[in-house]
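Worksheet: one structure, shown below.
Counting begins at 1 with the first residue of the sequence.
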Amino acid sequence: MAKKSKRETKKSTRSAAPAAPFSEALRVREGFVLADLDPRSTPAFDGKKKDGQRALLAADDELDDLQERLYAEATAGGMRSVLLVIQGMDTSGKGGIMRHVVGAVDPQGVELTAFKAPTKEELSHPFLWRIRKALPRPGRIGVFDRSHYEDVLVVRVHDLVPPAQWKRRYGQINAFEEKVADRDMTIIKVALVISSDEQKARLGERLERPDKYYKYNPGDIDEREHWGDYMEAYQAVFDQCSTEAAPWYAVPADRKWYARLAVQQILLEHLRGLDLRWPPADFDVKAERKRLAAT
Ligand code: AMP
Ligand code: MG
């Protein structure tokens, strides 16, 4: 397939350039060890919290502009779209990403889906059924708050299906994502990595503040008991599903400001890489100006 090798060449040139520092620093490559990642670290960023917050706000306009170009391209028949997958343990800050990063984009250009425990109907279909239905249309940025990876995370930790079945899913996911990427969808998968201590502190805060009670779920404590199993399940995901077509990015998330900045920058770096141009007019501009002037 000539088309594919061309794209791969383009990608590898791009990833060699320092133009994408966050993607470079956080990409999960072969040999990545989750336990070696410091959740308080701030790769590719030298500043402190205030600097990070300022940098986040400063990039909002560019993000909004690039999203609009993506949308404009689709109105002219373009097929490209972006899918941002966000995974992370409870309290890892997925909601904050939705508010502070995705929230900066025109809501008309975003298709957000939060995946909960599957309904009866969803369970009667193959696990990728509900995922397929939620893929973004051309010109949109699709965002998954949790995803098909729950089917090899919570499902694996609790053996919600027989092991032989969840073990097959890594390969099924890779094949699915490759097909989707071939249809001009840029897939960005982000894992927000927090420490067990930080989770404890955040759950504690939810129990201290009445305005946070609504986020508290007693089941989160039960899940906490399986921390080690979850880390193993995440490591397996990184080992088996960080592919050329759909790489994983492991984002240290004990500092919320850093995680938000990093996800925003990874998204921006990918959008810049798409080289999005405003579509040319599909009408005679001069003639239309004349017609307008005559009114
Ligand atoms: P939250 O994101 O905190 O609202 O919680 C959503 C819940 O749905 C989490 O406990 C997830 O583990 C659970 N969940 C999401 N997808 C699946 C799935 N495929 N199978 C089982 N549980 C899931
Ligand atoms: Mg929760």
Side-chain angles (χ1 to χ4, degrees), residues 34 37-42 48-50 52-54 56-57 60 84-105 107 110-123 130-131 134 141-160 189-234 237 249-264 267:
L34 176 58
L37 183 73
D38 176 3
R40 292 192 65 78
S41 63
T42 63
K48 297 259 175 290
K49 181 174 179 174
K50 274 269 168 305
Q53 290 171 328
R54 218 173 286 134
L56 183 77
L57 289 177
D60 275 353
L84 177 64
V85 172
I86 307 285
Q87 282 288 158
M89 299 293 284
D90 288 313
T91 77
S92 60
K94 299 186 290 292
I97 298 294
M98 301 309 147
R99 261 194 315 284
H100 297 274
V101 179
V102 180
V105 174
V110 173
E111 292 176 357
L112 172 75
T113 311
F115 289 98
K116 307 290 177 186
T119 62
K120 239 183 171 172
E121 193 198 3
E122 287 169 344
L123 280 175
R130 65 177 183 165
I131 304 299
I141 298 179
V143 183
F144 287 178
D145 176 347
R146 301 187 189 269
S147 66
H148 43 306
Y149 283 94
E150 292 293 332
D151 294 286
V152 286
L153 291 166
V154 64
V155 169
R156 169 181 166 141
V157 168
H158 294 288
D159 276 330
L160 300 180
K189 300 181 298 195
V190 168
L192 300 174
V193 179
I194 55 166
S195 63
S196 170
D197 286 350
E198 180 65 21
Q199 186 191 58
K200 192 170 187 173
R202 291 182 187 179
L203 287 173
E205 194 184 358
R206 288 181 183 182
L207 288 171
E208 291 304 320
R209 288 176 45 178
D211 64 321
K212 300 253 182 183
Y213 288 167
Y214 83 98
K215 288 193 194 182
Y216 187 81
N217 170 6
D220 292 350
I221 307 286
D222 304 307
E223 287 307 284
R224 223 180 119 64
E225 315 262 16
H226 299 281
W227 188 270
D229 296 335
Y230 272 103
M231 293 307 110
E232 243 173 65
Y234 268 98
V237 161
Y249 297 91
V251 172
D254 273 11
R255 301 178 199 265
K256 287 180 183 171
W257 65 265
Y258 174 76
R260 290 167 189 170
L261 177 66
V263 176
Q264 179 202 49
L267 180 58

### Stepwise side chain to side chain contact (heavy atoms under 4.5 Å, CB included) check, L267 with V190
CA-CA 10 Å; L267 180 58; V190 168; over 6 Å; no
Which pair of non-hydrogen atoms, one from [X] and one from [Y], has the smallest distance, and what is that distance?
{"X": "R209", "Y": "D211", "result": "NH2-OD2, 2.8 Å"}
{"X": "M98", "Y": "L112", "result": "SD-CD1, 3.4 Å"}
{"X": "A253", "Y": "S92", "result": "CB-O, 3.9 Å"}
{"X": "S195", "Y": "D254", "result": "OG-OD2, 2.8 Å"}
{"X": "P252", "Y": "P39", "result": "CB-O, 3.5 Å"}
{"X": "V152", "Y": "A233", "result": "O-CB, 3.9 Å"}

What's the spacing between [X] [atom1] and [Y] [atom2] if we round to 0.5 Å?
{"X": "F144", "Y": "E111", "atom1": "CZ", "atom2": "CD", "answer": "9.5 Å"}
{"X": "I141", "Y": "L84", "atom1": "CD1", "atom2": "CG", "answer": "8.0 Å"}
{"X": "M89", "Y": "Y234", "atom1": "CE", "atom2": "OH", "answer": "6.5 Å"}
{"X": "Y216", "Y": "L207", "atom1": "OH", "atom2": "CG", "answer": "4.5 Å"}
{"X": "L153", "Y": "L160", "atom1": "CG", "atom2": "CG", "answer": "11.5 Å"}

### Message
Exactly one of E150, H148, K189 should register a side chain to side chain donor-acceptor pair (under 3.5 Å) with Q87. Which one does?
### Response
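Going through the options one by one, the only one that passes is E150.
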#### Entry: Chi angles and distances behind the side chain to side chain contact (heavy atoms under 4.5 Å, CB included) call for V263, V102
CA-CA 10 Å; V263 176; V102 180; over 6 Å; no
### Message
Is the shortest side-chain heavy-atom distance between I97 and R260 below 4.5 Å?
### Response
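Contact flag for I97/R260 side chains = yes.
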### Query
Does the side chain of L261 come within less than 4.5 Å of T42's, by heavy atoms?
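The answer is no; the side chains never approach within 4.5 Å.
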Do side-chain atoms of [X] reach the backbone of [Y] as a donor and acceptor pair under 3.5 angstrom?
{"X": "D145", "Y": "K94", "value": "no"}
{"X": "R224", "Y": "S196", "value": "yes"}
{"X": "R206", "Y": "K215", "value": "yes"}
{"X": "R202", "Y": "T91", "value": "yes"}
{"X": "K212", "Y": "E205", "value": "no"}
{"X": "R255", "Y": "R40", "value": "yes"}

### Task
Start with the C-alpha distance between H100 and Q264, add both sets of side-chain angles, then the distance that settles side chain to side chain contact (heavy atoms under 4.5 Å, CB included), and finish with yes or no.
CA-CA 9 Å; H100 297 274; Q264 179 202 49; over 6 Å; no
### Query
Does the pair R146 and D90 meet the rule for a salt bridge (charged side-chain N to carboxylate O under 4.0 Å, His left out), with working shown?
CA-CA 11 Å; R146 301 187 189 269; D90 288 313; 3.0 Å; yes
#### Entry: Pair H158, E223: side-chain N/O donor-acceptor within cut-off below 3.5 Å
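Side chains of H158 and E223: pair found under 3.5 Å.
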### Task
Could you go through the side chain to side chain contact (heavy atoms under 4.5 Å, CB included) check for V157 and V154 one step at a time?
CA-CA 5 Å; V157 168; V154 64; 5.8 Å; no
